[in-house]
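Before any comments, here is the structure.
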Amino acid sequence: MKSRLASVLMMTFAGILFTAGLSSAQFAGGGPKPGDVYKEFVYNHTTNNWRVTDPNVNLTKYPEAAAFLPNPVLQLNVDDLQNATRAEVVIDFWGGHDGTTGKRFRFNGNSWIAIPELHQLDTSIVTPPAGNMYMQQVNHLIPVPLSHLKTGVNTFEGTSGPNSWGWGQWGWYGVVLRVYYNPSTKTYPTGRIVSPQTGMVLTENPTVEAETSGSVDRVEFIAHYEGYDGDGDGVYKDWQRDYHRTPWTDSIRLRNHVGTATASPFQAVWNTQWLPDQVPGEVKLIARIRGTNGYWYVTDEVTGLSFERSQSVQLYKPTGVPSVFWVRAGQTKSCKVFIPTLDNAVEAVMLVKTWNGNEKNATFHTKVNGWTTPKYGLDHLYSYDVIPVPLSALQAGENTVSFYSATVHHGIEIMWPGPAILVRYAQDQSTSPAITGQPEDRIVLLGATATFSVTAGGAAPLSYQW
């Protein structure tokens with residue numbers, strides 16, 4: 001089987017190592033693990049209660065902010081806390097107005113729980129700014145003390161601190177409260193993945209299947225591999241899924257995973273059309289099984305999976321992403337994507353996440369080098385889009401993805417970690433070494449540590465020289 005072998009090459013100054021990405025992002029690898037038993041309690045925000053505003057907003061400068069105050073107190077029913085062992089929330093979180101500080105929430109009037117900033121999860125940022133650094137729609141995963149919860153109706157609310165220009169604000173589109181239990185005290189379904197099995201080599205679009213016992217109404221399959229960062233925490237190699245809610249008519253739920261089955265036989269076809277090439281044996285798979293009584297169970301992992309394919313798919317990540325990738329009032333902002341070669345390329349797509357990417361009556365566009373993309377995105381909502389890009393629009397080497405908006409209203413937000421490009425090649429790309437991720441610029445204080453990393457692909461062993 002042929003596949004890409006990735007190697008990360010680093011050069012460090014001053015003897016202290018900082019990774020170039022989000023090394024300890026809160027959502028990466030988090031959530032239910034094999035053997036866990038839990039329940040989920042869901043709240044879907046509406047157009048009237050999704051914004052959270054600084055109570056001390058400058059109403060003289062921004063009188064329209066008064067429409068969002070006071071911040072709403074919301075209600076969530078929890079029907080079982082007996083023998084609970086821990087709890088956490090998944091938030092479909094919009095980063096809000098740039099520079100907003102003090103983003104917090106609480107249950108039942110208890111102490112406030114802080115929502116972390118991306119720079120608190122990224123150790124490469126030596127001198128972090130106040131408030132959110134990047135435009136973001138992140139699925140934060142945050143522990144909640146069991147003592148803050150009660151059986152029955154729970155209240156919850158958010159609050160916000162200021163930002164530098166007088167209107168601190170963030171938003172949440174939905175919340176999943178997940179409560180874990182001592183398995184010996186609950187009645188729950190069980191099961192296992194029967195296909196694929198550990199160590200198997202898979203072909204394109206494989207069927208995955210789980211067998212279950214007990215009364216089951218839902219099975220969700222999730223894979224761990226190197227792919228685009230869907231949940232927004234900046235981690236590419238992760239359990240690939242997200243909880244972004246869009247549009248308003250949808251409920252917050254698991255999305256962009258391998259697949260869901262709601263009836264026996266519990267099978268799903270894994271669409272691997274744009275799955276990037278993986279290191280052999282490093283793909284993993286789990287299933288989450290829900291009983292008709294609402295309790296979930298997580299199967300053991302299936303590990304050591306590989307893919308055999310006739311063509312190669314390479315993921316090229318963005319670099320030089322602006323810290324405030326918010327485009328309005330005649331601005332143009334851009335980032336870079338380095339593509340080492342287009343030899344034998346047969347097609348390409350751009351992956352991009354935006355907020356307000358298609359504002360009504362606004363003049364705006366996205367360009368890949370000199371080529372203008374079709375319109376995409378949603379008005380004042382999050383959108384994840386896969387946009388076909390003609391190969392003629394790309395070039396071997398550095399490519400520029402730029403965004404323009406003329407509106408003096410909100411404008412377009414390009415969500416962290418920025419747009420990526422997938423290229424499909426007619427033959428395997430693993431034999432010849434090639435740089436797939438260029439070093440990024442670093443700005444640090446005099447005497448501080450700077451780390452530069454480069455990602456390369458090719459057949460092992462790889463060697464390098466700075």
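All residue numbers refer to positions in the sequence shown, counting from 1.
The OG atom of Ser213 sits 7.5 Å away from the CD1 atom of Ile289 when rounded to the nearest 0.5 Å.
Checked against the 6.0 Å centroid criterion, the rings of Trp355 and Tyr382 do not qualify as a close aromatic pair. Checked against the 6.0 Å centroid threshold, His45 and Trp248 do not count as a close aromatic pair. Taking the six-membered ring wherever Trp is involved, the centroid distance between the rings of Phe156 and Tyr43 falls below 6.0 Å. A ring-centre distance under 6.0 Å is found for His410 and Trp326.
Inspection of the Glu204 and Thr272 side chains reveals an N or O donor paired with an N or O acceptor under 3.5 Å. Side chains of Asp277 and Gln314: a donor on one and an acceptor on the other come within 3.5 Å. No donor-acceptor contact under 3.5 angstrom links the side chains of Thr354 and Ser383, judged on distance only. Between the side chains of Asn369 and Asn399, at least one donor N or O sits under 3.5 Å from an acceptor N or O. A donor-acceptor pair shorter than 3.5 Å can be found between the side chains of Gln137 and Asp92.
Between Glu220 and Arg241, none of the side-chain N atoms (NZ, or NE/NH1/NH2) sits under 4.0 Å from a carboxylate O, so this pair counts as no salt bridge.
Every pair passing salt bridge (charged side-chain N to carboxylate O under 4.0 Å, His left out) that includes a residue from residues 252-271 is listed here, sequence neighbours excluded: Asp250-Arg255. Applying the salt bridge (charged side-chain N to carboxylate O under 4.0 Å, His left out) definition to pairs two or more places apart or across chains, those involving residues 157-180 are Glu40-Arg178, Glu88-Arg178, Arg106-Glu157.
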Does Asp79 form a salt bridge (charged side-chain N to carboxylate O under 4.0 Å, His left out) with Lys39? I'd like the steps, not just the answer. CA-CA 9 Å; Asp79 65 12; Lys39 261 191 170 185; 3.1 Å; yes

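Applying the 6.0 Å contact sphere to CD of Gln82 captures no more than 12 heavy atoms from other residues, nucleotides or ligands.
Cation-pi geometry between Lys317 and Tyr236 is satisfied (NZ or CZ under 6.0 Å from the ring centre, within 45° of the ring normal). Figure legend: cation-pi geometry between Lys186 and Tyr181, with NZ or CZ positioned under 6.0 Å from the six-membered ring centre and within 45° of its axis. For the pair Lys353 and Tyr228, the cation-pi criterion (under 6.0 Å, within 45° of the ring axis) is fulfilled.
Between Val138 and Asp231, the closest side-chain pair of non-hydrogen atoms is not below 4.5 Å. Looking at heavy atoms from C-beta onward, Tyr384 lies out of side-chain contact with Asp242 at the 4.5 angstrom threshold.
Here the options are Trp50, Trp170, Trp172, the test is ring-ring contact (aromatic ring centres under 6.0 Å, His included), and the partner is Trp94; only Trp50 passes.
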